[in-house]
Amino acid sequence: VQLQAYGGGLEQPGGSLRLSCAASGSILGINAMGWYRQAPGKQRELVATIIRDSSTNYADSVKGRFTISRDMAKNTVYLQMNSLNPEDTAVYYCNAQITTLQGVRVMTNDYWGQGTLVTVSS
């Protein structure tokens with residue numbers, strides 16, 4: 001199983017970016033998916049999560065600016081980021097709780113993408 005994140009880059013304050021993260025491999029199902037971020041010198045923090053395709057949760061710092069969504073058929077999660085500010089600068093990681101068949105056992109584990117850098121600067 002792999003998670004591949006896309007969409008990071010350099011954006012000016014007030015601008016927008018959209019991140020995507022696709023899960024691939026022998027997947028039986030995916031429960032929660034989410035985005036976390038880690039700024040230089042800081043701990044990784046939750047940005048947003050989505051359970052199935054409806055229940056969402058956001059960090060207070062991004063509420064009203066970021067929107068998480070999911071295409072369950074494509075095993076893909078998105079993060080639409082609007083009104084970006086320099087404090088949003090970080091490496092963004094996607095996460096998913098994925099169920100797989102390992103031998104004869106059905107197992108659910110946390111998987112992480114490789115991270116994509118978002119830089120907000122003028």
Side-chain angles (χ1 to χ4, degrees):
V1 172
Q2 286 189 327
L3 291 178
Q4 183 70 45
Y6 306 90
L10 174 64
E11 184 56 67
Q12 292 186 341
S16 298
L17 284 173
R18 189 188 194 212
L19 305 182
S20 303
C21 177
S24 61
S26 300
I27 297 170
L28 296 181
I30 302 178
N31 187 18
M33 301 187 81
W35 292 94
Y36 292 72
R37 66 186 181 185
Q38 187 166 17
K42 295 186 176 181
Q43 290 187 332
R44 189 175 298 188
E45 63 176 3
L46 169 73
V47 177
T49 60
I50 183 167
I51 298 176
R52 297 296 177 182
D53 61 354
S54 59
S55 177
T56 59
N57 180 51
Y58 295 93
D60 288 343
S61 59
V62 306
K63 282 180 181 177
R65 300 188 298 122
F66 291 10
T67 301
I68 189 169
S69 61
R70 180 174 167 180
D71 186 330
M72 294 183 69
K74 295 182 179 180
N75 290 334
T76 299
V77 63
Y78 306 95
L79 186 68
Q80 178 65 43
M81 304 184 294
N82 299 328
S83 301
L84 286 164
N85 59 60
E87 288 71 38
D88 296 317
T89 295
V91 177
Y92 284 70
Y93 297 90
C94 60
N95 170 270
Q97 296 172 353
I98 300 176
T99 299
T100 60
L101 182 63
Q102 299 185 19
V104 297
R105 299 177 64 184
V106 175
M107 299 186 69
T108 299
N109 295 293
D110 263 356
Y111 291 86
W112 291 88
Q114 83 284 9
T116 184
L117 178 61
V118 171
T119 303
V120 184
S121 175
S122 55

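Note that the numbering runs from 1 along the sequence shown for the chain.
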* Side chain proximity check, N31 to R52, heavy atoms < 4.5 angstrom -> yes
* Asked: How long is the span from the CD1 atom in I30 to the CD1 atom in I98, to the nearest 0.5 Å?
  -> 4.5 Å
* Parallel, tilted or perpendicular: which describes the rings of F66 and Y92, with under 30° parallel and over 60° perpendicular? -> tilted
* Between CG of L84 and OG of S121, what distance do you get to the nearest 0.5 Å? -> 12.0 Å
* To do: State, to 0.1 Å, how close C21 and L3 come at their nearest heavy-atom pair, and which atoms those are.
  => SG-CB, 3.9 Å
* Asked: V120 and side chain to side chain contact (heavy atoms under 4.5 Å, CB included): which partner among L10, L17, T89?
  -> T89
* Do M81 and V118 have side-chain heavy atoms sitting under 4.5 Å apart? -> yes
* Asked: Is the shortest heavy-atom distance from the side chain of E11 to the side chain of D88 under 4.5 Å?
  -> no
* Asked: With a 4.5 Å limit on heavy-atom distance, are the side chains of P13 and N85 in contact?
  -> no
* To do: State, yes or no, whether a side-chain contact exists between Y111 and T100 at a heavy-atom distance under 4.5 Å.
  => yes
* Determine whether more than 12 heavy atoms belonging to other residues, nucleotides or ligands lie under 6.0 Å from atom CD of Q43. => no
* Asked: When rounded to the nearest 0.5 angstrom, what distance separates NZ in K74 from OG in S24?
  -> 14.5 Å
* To do: Would you mind reporting whether N109 and V1 have side-chain heavy atoms less than 4.5 Å apart?
  => no
* Any R37 side-chain heavy atom under 4.5 Å of V62 side chain -> yes
* Do D71 and Y78 come within less than 4.5 Å of each other through their side chains, counting heavy atoms only? -> yes
